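Quick notes on the structure that follows.
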Amino acid sequence: MAHPEYILTLSCLDQRGIVHRVSGFLADHGCNIIDSAQFGDGQSKLFFMRVHFASEDAAMSDAQLRTDFGVLGDALQMNWQLHDAAKKPRVMLMVSKIGHCLNDLLFRYKSGLLPVEIPAIVSNHTDFYQLAASYNIPFHHLPLATGAPMEAKRAQEQRIMEIVDANKVDLVVLARYMQILSPEMCDALRGRAINIHHSFLPSFKGAKPYYQAHDRGVKLIGATAHFVTSDLDEGPIIEQGVERVDHSMGPDTLTAIGRDIESVVLARAVKWFTEHRILLNGHKTVIFN
């Protein structure tokens, strides 16, 4: 008989006995720890923990487990979440006209490498509606003209949030969605929206950054996945990747290499989020691999 499995994540002020009290609670409630990881940050004085466990007491309901742990959480002033390990997070993908990250995530999803549900794809262009249809995923075209007035942007973002709410989306992934989100939307998606971009910032902004990098003779190119905040491209970093390049490579080659890095880095970040391995630590993240 398979026992229900959970993933507990928590953070609180570091103090003696946290691991003992959490593991003792789980043992007292008929739970068996499958794996556990913890980290104490000497700078922030915060303690972080992720525990994957099975509930082996048939009499222990999900609701009772959560209620009882809430007492411990309150006592230690924890920020905690208890996730059903069998539940696949619901992820909405957003894209504009560059599709390598979208295509990579869809392939990983379809092949079972990325354990998620994708209820919607949103774009301000129509380039990938056929790709979405090939995966039987609803495609929402929400155009936004260049230089559109703020009222139009607010209306478009309101529609995006309606799709998020209607589909009970856990995570929004900006898979090369080339629109700046408003501060209001960033706040609404705080901690549940991930973006990907090249790692040249702030050196090469704007169009064709790999061409700019080629003109400057860079030797390393890379990509950064981070949480979305109102500070453009400066949210807490989740994952980064780099690749060495040389003078023999043209700008198209650099672009191709960069797109490969972006796809891999974004896929890692999304997977770690869906496995509840990422905990926020101020402007930084704790990643339990």
Side-chain angles (χ1 to χ4, degrees), residues 1-91 113-116 170-171 189-194 224-229 235-241 265 267-289:
M1 176 182 176
H3 300 291
E5 296 183 9
Y6 295 89
I7 297 173
L8 170 68
T9 58
L10 63 89
S11 62
C12 62
L13 284 176
D14 202 355
Q15 54 196 286
R16 186 182 301 123
I18 300 174
V19 174
H20 173 74
R21 294 185 69 174
V22 171
S23 58
F25 171 91
L26 294 175
D28 292 343
H29 285 73
C31 301
N32 180 48
I33 294 176
I34 299 171
D35 64 72
S36 177
Q38 52 274 331
F39 169 69
D41 186 351
Q43 183 176 12
S44 68
K45 308 302 181 184
L46 292 176
F47 178 83
F48 301 86
M49 190 172 186
R50 177 187 185 271
V51 187
H52 179 194
F53 66 91
S55 179
E56 298 180 348
D57 184 353
M60 180 58 59
S61 68
D62 179 279
Q64 189 64 52
L65 191 63
R66 294 174 187 274
T67 298
D68 290 356
F69 191 83
V71 176
L72 176 60
D74 290 343
L76 296 181
Q77 296 184 313
M78 289 180 181
N79 178 13
W80 64 275
Q81 291 182 306
L82 186 60
H83 309 274
D84 181 348
K87 181 180 180 293
K88 292 182 179 181
R90 296 173 64 80
V91 177
L113 297 173
L114 191 60
V116 300
D170 299 300
L171 174 67
L189 294 174
R190 178 175 174 79
R192 58 189 185 117
I194 294 176
T224 295
H226 63 90
F227 282 113
V228 173
T229 67
I237 293 171
I238 301 170
E239 173 64 333
Q240 294 179 295
V265 167
R268 286 178 186 158
V270 173
K271 190 171 189 290
W272 292 342
F273 182 96
T274 61
E275 293 175 345
H276 314 293
R277 298 184 180 277
I278 308 170
L279 282 74
L280 283 169
N281 182 16
H283 296 296
K284 302 183 292 184
T285 58
V286 174
I287 312 290
F288 287 123
N289 292 320

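The structure displayed is predicted, hence computed values, not measured ones.
Remark: the backbone N or O of Ala54 is not paired with any side-chain donor or acceptor of Glu56 at under 3.5 angstrom. No donor-acceptor pair under 3.5 Å is formed between the side chain of Lys271 and the backbone N or O of Arg268. Although no hydrogens or angles enter the test, the distance criterion places a donor-acceptor pair under 3.5 Å between the side chain of Thr285 and the main chain of Ile237.
For the residue pair Val22 and Met78, the shortest heavy atom distance occurs at CG2-CE, 4.0 Å. The shortest heavy-atom contact between Ser36 and Gln38 is OG-OE1, 3.3 Å. Pairing each heavy atom of Gly191 with each of Leu280, the nearest pair is CA-CD1, 4.4 Å. Asp84 approaches Ala86 most closely through the heavy-atom pair OD1-N, 3.0 Å. Smallest separation of non-hydrogen atoms from Ile33 and Ser23: CD1-CB, 4.0 Å. Across all non-hydrogen atoms, the minimal contact from Ile194 to Ala225 is CG2-CB, 4.4 Å.
Two residues are said to be in side-chain contact when any heavy atoms from C-beta on lie closer than 4.5 Å; Met49 and Val19 meet this criterion. You'll find the side chain of Leu82 stays beyond 4.5 Å of the side chain of Phe69, heavy atoms only. The shortest side-chain heavy-atom distance between Phe48 and Phe288 falls under the 4.5 Å cut-off. Looking at heavy atoms from C-beta onward, Asn79 lies out of side-chain contact with Cys12 at the 4.5 angstrom threshold. Counting heavy atoms from C-beta outward, Ile7 and Arg50 have side chains that approach closer than 4.5 Å. Counting heavy atoms from C-beta on, the side chains of Val116 and Phe273 never come closer than 4.5 Å.
Using modelled atom types, one finds no donor on one side chain facing an acceptor on the other under 3.5 Å when comparing Asp57 with His29. In summary, the side chains of His52 and Glu5 do present a donor paired with an acceptor at a separation below 3.5 Å, with no hydrogens or angles considered.
Between Phe39 and Phe47, the ring centre distance reaches or exceeds 6.0 Å.
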(request) Evaluate the criterion side-chain contact (heavy atoms from CB on, under 4.5 Å) for residue pair Gln43 and Lys284; output intermediate values, then yes/no. (result) CA-CA 12 Å; Gln43 183 176 12; Lys284 302 183 292 184; 3.5 Å; yes
(request) For Thr9 and Trp80, run side-chain contact (heavy atoms from CB on, under 4.5 Å): C-alpha distance rounded to whole Å, both residues' side-chain angles, the deciding distance at 0.1 Å, then the answer. (result) CA-CA 6 Å; Thr9 58; Trp80 64 275; over 6 Å; no
(request) Verify side-chain contact (heavy atoms from CB on, under 4.5 Å) between Leu171 and Val270, making sure each step is shown before the conclusion. (result) CA-CA 9 Å; Leu171 174 67; Val270 173; 4.2 Å; yes
(request) Check step by step if side-chain contact (heavy atoms from CB on, under 4.5 Å) holds for Phe53 and Asp35. (result) CA-CA 7 Å; Phe53 66 91; Asp35 64 72; over 6 Å; no
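In this structure, Leu46 CG and Leu10 CG are separated by 11.0 Å, a value rounded to the nearest 0.5 Å. Atom CD1 in Ile278 sits 9.5 Å away from atom CD in Glu239 (nearest 0.5 Å). Rounded to the nearest 0.5 Å, atoms CG (Leu65) and OG (Ser55) are 6.0 Å apart. For the atom pair Ile238 CD1 and Phe227 CZ, the distance stands at 4.0 Å (nearest 0.5 Å). Expressed to the nearest 0.5 Å, how far OG of Ser11 lies from CG of Asp41 amounts to 11.0 Å. The CD1 atom of Ile34 sits 12.0 Å away from the OH atom of Tyr6 when rounded to the nearest 0.5 Å.
The neighbour count for Arg21 CZ, taken as heavy atoms of other residues, nucleotides or ligands under 6.0 Å away, does not exceed 12.
Using a 4.0 Å cut-off between charged side-chain N and carboxylate O, Asp62 and Arg66 make a salt bridge. The pair Lys87-Asp170 counts as a salt bridge, with a side-chain nitrogen and a carboxylate oxygen less than 4.0 angstrom apart.
By the 30° and 60° cut-offs, the orientation of the rings of His276 relative to His83 is parallel.
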